[in-house]
Colleague: 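Mind having a look at this structure? Questions to follow.
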Amino acid sequence: GLVLMLFFLGTLAFSMLEGTFALIGEHSYRLGPREIGYFFAFVGVVSATMQAGIVGMLAKRFGERALVVAGFGLMTIGLGLSGTLPVFGLLVALMGVVSMGNGLTTPSLAGLISLSSTAEEQGGVLGVYQSLGSLARAAGPFVGGVAFDRLGHGSPLLIGGLLMGLCAVL
């Protein structure tokens with residue numbers, strides 16, 4: 001149950017970023033579609049690089065649980081500080097930190113789900129896991145959009161950072 005909740009909250013927070021960054025980029029940094037596309041390409045490349053081989057080596061050495069905590073910690077710092085930055089270059093650097101955290105957390109949570117269920121339960125538990133991810137990816141942009149509109153431009157990132165911090169503690 002805890003791993004499922006962590007996956008839901010972490011995915012919700014990350015999808016708040018994905019769903020609102022174009023608005024944040026336009027309103028706070030005067031970015032256009034091309035720059036926002038490059039930004040998301042950067043985030044994707046960093047996350048994919050982490051997942052492609054680095055996580056496997058780290059999991060063997062430290063275990064999935066430690067990688068989940070470290071990943072959520074990195075995303076807490078990156079998202080939490082990003083919501084307050086006036087300088088775009090610092091935002092990009094912090095999004096690199098967020099991407100590394102996401103690259104650590106995503107495969108490690110999947111590994112923990114697999115390890116924490118019996119062979120008979122794995123299919124059902126992984127189905128619930130994926131369903132929670134879909135629900136979080138649907139709700140995240142909505143929650144982030146409402147926060148952006150009602151609480152200010154950086155609020156989706158700050159709220160995401162708080163959610164990631166809660167996940168790190170849990």
Colleague: Looking only at non-hydrogen atoms, find the nearest pair between Ser15 and Ala136 and report the distance.
Modeller: OG-O, 3.0 Å

Colleague: Quick one: which of Val68, Leu6, Val69 gives a side-chain contact (heavy atoms from CB on, under 4.5 Å) with Leu170?
Modeller: Leu6

Colleague: Roughly how far, to the nearest 0.5 Å, is CD of Gln51 from CG of Asn102?
Modeller: 6.5 Å

Colleague: Are Leu17 and Tyr38 connected, step by step, through hydrophobic side chains (Ile, Leu, Val, Met, Phe, Trp, Tyr) whose heavy atoms are closer than 4.5 Å?
Modeller: no

Colleague: Look only at the side chain of Gln122 and the backbone of Ala119, and say whether a donor-acceptor pair between them is shorter than 3.5 Å.
Modeller: no

Colleague: Between OG of Ser131 and CG of Leu126, what distance do you get to the nearest 0.5 Å?
Modeller: 10.5 Å

Colleague: Taking side chain as C-beta onward, heavy atoms only, is His27 less than 4.5 Å from Phe148?
Modeller: yes

Colleague: Hydrophobic clusters here meaning ILVMFWY residues chained together by side-chain heavy-atom distances under 4.5 Å, can you tell me if Leu90 and Val43 are in one?
Modeller: yes

Colleague: If hydrophobic clusters are built from ILVMFWY residues whose side chains come within less than 4.5 Å, do Leu79 and Val169 share one?
Modeller: no

Colleague: Can you tell me if Ser47 uses its side chain to pair, donor with acceptor, with the backbone of Ser99 under 3.5 Å?
Modeller: yes

Colleague: Quick one, Phe88 and Leu31 - any side-chain contact, counting heavy atoms below 4.5 Å?
Modeller: yes

Colleague: Test of understanding: with ring-ring contact (aromatic ring centres under 6.0 Å, His included), list the residues that count as partners of Phe7, not counting sequence neighbours.
Modeller: Tyr129

Colleague: Rounded to the nearest 0.5 Å, how far apart are CE of Met95 and CZ of Phe39?
Modeller: 5.0 Å

Colleague: I want to check something: taking the side chain as every heavy atom from C-beta on, are Phe14 and Val98 in contact at a cut-off of under 4.5 Å?
Modeller: yes

Colleague: Measuring from Leu104:CG to Met75:CE, what's the distance to the nearest 0.5 Å?
Modeller: 8.0 Å

Colleague: Taking the side chain as C-beta and beyond, is there a heavy-atom pair between Leu4 and Phe8 under 4.5 Å?
Modeller: no

Colleague: Please report the shortest heavy-atom distance between Gly103 and Met50, naming the atom on each side.
Modeller: CA-CB, 3.8 Å

Colleague: Taking C-beta and beyond as the side chain, do Ile24 and Tyr29 meet within less than 4.5 Å on heavy atoms?
Modeller: yes

Colleague: For the residue pair Ala59 and Glu64, what are the closest heavy atoms and their distance?
Modeller: CB-OE2, 4.3 Å

Colleague: Check for a donor-acceptor pair, side chain of Ser134 on one end and backbone N or O of Gln130 on the other, with a separation under 3.5 Å.
Modeller: yes

Colleague: Give the cluster check for Leu115 versus Leu58: same hydrophobic cluster or not, with ILVMFWY residues linked at side-chain heavy-atom distances below 4.5 Å.
Modeller: no

Colleague: Holding to side chain to side chain contact (heavy atoms under 4.5 Å, CB included), I want the full list of residues that pass it with Phe142, two or more places apart in sequence or in another chain.
Modeller: Val146

Colleague: Should Leu135 and Leu9 be counted in the same cluster of Ile, Leu, Val, Met, Phe, Trp and Tyr side chains packed under 4.5 Å apart?
Modeller: yes

Colleague: Any idea which heavy atoms bring Ala168 and Gly73 closest together, and the distance?
Modeller: CB-N, 4.1 Å

Colleague: Name the atoms and distances for all side-chain donor-acceptor pairs under 3.5 Å in residues 149-164, with sequence neighbours left out.
Modeller:
from: Ser155; atom 1: OG; to: Ala147; atom 2: O; distance (Å): 2.8
from: Ser155; atom 1: OG; to: Gly152; atom 2: O; distance (Å): 2.7

Colleague: Measuring from Phe72:CZ to Ile77:CD1, what's the distance to the nearest 0.5 Å?
Modeller: 14.0 Å

Colleague: Closest approach of Val125 and Ser117, non-hydrogen atoms and distance?
Modeller: CG2-CB, 4.0 Å

Colleague: Is the CZ atom of Arg65 crowded by more than 12 outside heavy atoms at less than 6.0 Å?
Modeller: no

Colleague: Does the side chain of Val55 come within less than 4.5 Å of Leu67's, by heavy atoms?
Modeller: yes

Colleague: Below 4.5 Å, heavy atoms only, C-beta onward: do Glu18 and Pro141 meet side chain to side chain?
Modeller: no

Colleague: Main chain of Leu23, side chain of Thr20: is a donor-acceptor contact present, judged purely on distance under 3.5 Å?
Modeller: no

